[in-house]
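Just so it is clear, the model here is predicted, and its values are computed rather than measured.
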Amino acid sequence: MSFAVSVSILTCLAALACAVPGVYLTLSNRAMLIDAISHSLLPGIVIGYLLTHDFSSPLLFMLATLSALIVTIANTALARSGLLAEGASQGMIAPALLAVGVILVTAFARNLHLDGHTILVGDPNLVAFEELCLGDSCFGPRQSWVLAGLLLINLIFAWFARRHLMAAVFDYNFALTRSLRPGLALSVLMLLTAITVTAAFAATGSILAITMAVAPAAIARLLTHTIKLLVLYALGIAVVIAQSGFWIAYYLNLPTSAAIAFTYGIAFFAALGWHLRKAHSSRARS
């Protein structure tokens with residue numbers, strides 16, 4: 001397998017893994033929680049590095065995931081308390097954690113190389129150099145296997161918890177009267193979202209991790225109103241656009257993550273134009 005193909009598979013797996021929880025977060029108006037998660041990972045990364053002095057240590061991923069969980073748990077608790085709207089709680093918690101990370105870097109790790117490109121844009125081409133090797137055999141980028149495992153877990157959860165998730169998204173209080181468990185379903189969804197976004201962040205950077213989670217569902221929402229089709233469309237869109245963006249970047253020598261994110265943006269506005277034109281035609285016929 002060529003290096004370019006292995007990177008394209010990495011981006012495809014990241015897109016699919018993010019798209020599954022992204023569908024339900026978008027439908028429940030919680031999409032910006034992904035942005036809050038992605039900007040709250042820095043403290044975990046810095047603390048993990050200070051403890052291990054090794055960027056490839058699993059401890060960095062574990063502590064970054066813990067930072068993401070703090071955001072999701074605190075955001076959910078504040079939103080349910082009624083003291084703050086959900087968007088306001090995200091705006092308070094995520095910047096505070098990001099600031100903690102900046103303070104830690106400034107105070108204890110001035111030589112730590114975490115520039116804007118590393119945090120925001122990322123580069124799956126660099127991540128792909130870290131391969132999973134057993135003995136003398138290597139099996140592609142290590143992060144691809146992490147994302148493949150998360151994709152499988154997300155799909156299994158989405159399938160078996162689909163009734164609870166749909167009830168939580170569309171009518172939380174009604175779901176409680178029908179003996180469903182919308183709270184448990186949302187809690188597991190938030191946990192998987194935190195882990196998935198952290199893994200995608202490590203592979204692609206903040207901007208693309210957010211885009212991969214939100215854009216497929218947003219585009220699919222413009223194309224269909226059926227939930228089953230929306231999920232299938234979102235997964236298909238995630239693959240097609242991630243691959244298109246990657247190969248455009250490859251042949252034009254562009255930054256990979258930025259090119260893929262830009263391709264998602266183009267696809268969204270194309271779908272929006274199609275949706276508005278269809279709505280206009282329907283009003284004209286009526």
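Cluster annotation: Ile227 is connected to Tyr24 through the hydrophobic network of ILVMFWY side chains, with a link wherever side-chain heavy atoms come within less than 4.5 Å. One hydrophobic cluster, built from ILVMFWY side chains closer than 4.5 Å, cannot hold both Met62 and Leu41; they sit in different ones. Hydrophobic cluster membership differs between Phe262 and Ile241, with clusters built from Ile, Leu, Val, Met, Phe, Trp and Tyr side chains linked at under 4.5 angstrom. Under the 4.5 Å side-chain heavy-atom criterion for Ile, Leu, Val, Met, Phe, Trp and Tyr, Trp159 and Leu235 are members of distinct hydrophobic clusters. Cluster annotation: Leu69 is not connected to Leu189 through the hydrophobic network of ILVMFWY side chains, with a link wherever side-chain heavy atoms come within less than 4.5 Å.
Once rounded to the nearest 0.5 Å, the distance linking CZ of Phe61 with CD1 of Ile195 reads 6.5 Å. Note: Ile45 CD1 to Leu104 CG = 12.0 Å, rounded to the nearest 0.5 Å. Taken to the nearest 0.5 Å, the CD1 atom of Ile9 stands 12.5 Å off from the CG atom of Leu147. Rounded to the nearest 0.5 Å, atoms CG (Leu13) and CE (Met212) are 9.5 Å apart. Annotation: the span from Leu232 atom CG to Ile237 atom CD1 amounts to 10.5 Å, rounded to 0.5 Å. In this structure, CG on Leu66 lies 8.0 Å from CD1 on Ile73, to the nearest 0.5 angstrom.
Taking each heavy atom of Ala199 and Val146 in turn, the nearest pair found is CB-CG1, 4.2 Å. The minimum heavy-atom distance linking Ala158 with Leu165 is given by the pair CA-CD1, 4.2 Å. Of all heavy-atom pairs spanning Ser67 and Leu97, the tightest one is O-CD1, 3.9 Å. Across Thr198 and Ala64, no two heavy atoms sit closer than the pair CG2-CB, 3.8 Å. For the residue pair Ala68 and Ala194, the shortest heavy atom distance occurs at CB-CB, 3.7 Å. Taking each heavy atom of Ala19 and Ala234 in turn, the nearest pair found is CB-O, 4.4 Å.
Judged by distance alone, with hydrogens and angles left aside, the side-chain atoms of Thr224 form a donor-acceptor pair with the main-chain N or O of Thr226 at under 3.5 Å. Thr256 places no side-chain N or O within 3.5 Å of a backbone atom of Pro124 that could act as its donor or acceptor partner. Although no hydrogens or angles enter the test, the distance criterion places no donor-acceptor pair under 3.5 Å between the side chain of Ser8 and the main chain of Gln243. Looking only at distances, a side-chain donor or acceptor of Ser28 sits under 3.5 Å from a matching main-chain atom of Leu25. Using a distance-only test at 3.5 Å, with no hydrogens or angles considered, a donor-acceptor pair links the side chain of Tyr264 to the main chain of Ala238.
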### Message
Please evaluate residues Leu16 and Val20 with respect to the criterion side-chain contact (heavy atoms from CB on, under 4.5 Å), reporting the C-alpha separation (whole Å), side-chain torsions for both, the decisive distance (0.1 Å), and the verdict.
### Response
CA-CA 7 Å; Leu16 286 170; Val20 177; 5.9 Å; no
### Query
Hey, mind stepping through Leu230 and Leu27 against side-chain contact (heavy atoms from CB on, under 4.5 Å) and telling me if it holds?
CA-CA 10 Å; Leu230 191 148; Leu27 287 175; 4.2 Å; yes
### Task
Could you go through the side-chain contact (heavy atoms from CB on, under 4.5 Å) check for Tyr233 and Arg221 one step at a time?
CA-CA 9 Å; Tyr233 281 12; Arg221 184 68 181 83; over 6 Å; no
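Looking at Asn125 and Tyr250, their side chains never come closer than 4.5 Å, going by heavy atoms from C-beta outward. At a threshold of 4.5 Å between non-hydrogen side-chain atoms, the residues Val71 and Leu33 count as touching. Proximity of His164 to Leu184: side-chain heavy atoms (C-beta onward) are nowhere separated by under 4.5 Å. Under the 4.5 Å side-chain criterion, counting only non-hydrogen atoms from C-beta, Leu186 is in contact with Arg30. Contact of the Leu191 side chain with the Thr72 side chain is not registered, since no non-hydrogen atoms from C-beta on lie closer than 4.5 Å. With contacts defined as side-chain heavy-atom distances shorter than 4.5 Å, the pair Leu63/Leu51 qualifies.
Judged as a side-chain contact (heavy atoms from CB on, under 4.5 Å), and not counting sequence neighbours, the contacts of Ala217 are Val23, Thr26. Listed by chain and number, the residues in a side chain to side chain donor-acceptor pair (under 3.5 Å) with Thr11 amount to none (sequence neighbours excluded). Judged as a side-chain contact (heavy atoms from CB on, under 4.5 Å), and not counting sequence neighbours, the contacts of Val240 are Ser244.
Within 6.0 Å of CH2 in Trp145 there are 12 or fewer heavy atoms belonging to other residues, nucleotides or ligands. Residue Phe157 places its CZ atom among more than 12 non-hydrogen atoms of other residues, nucleotides or ligands, all under 6.0 Å distant.
Members clustered with Leu254: Ile248, Leu252, by chain and number, using a 4.5 Å side-chain heavy-atom cutoff among hydrophobic residues.
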What side-chain donor-acceptor pairs closer than 3.5 Å can you find for residues 267-277, not counting sequence neighbours?
from, atom 1, to, atom 2, distance (Å)
His275, ND1, Leu222, O, 3.2

What side-chain donor-acceptor pairs closer than 3.5 Å can you find for residues 149-156, not counting sequence neighbours?
from, atom 1, to, atom 2, distance (Å)
Asn154, ND2, Ala17, O, 3.1
Asn154, ND2, Leu150, O, 3.3
Asn154, ND2, Thr196, OG1, 3.1

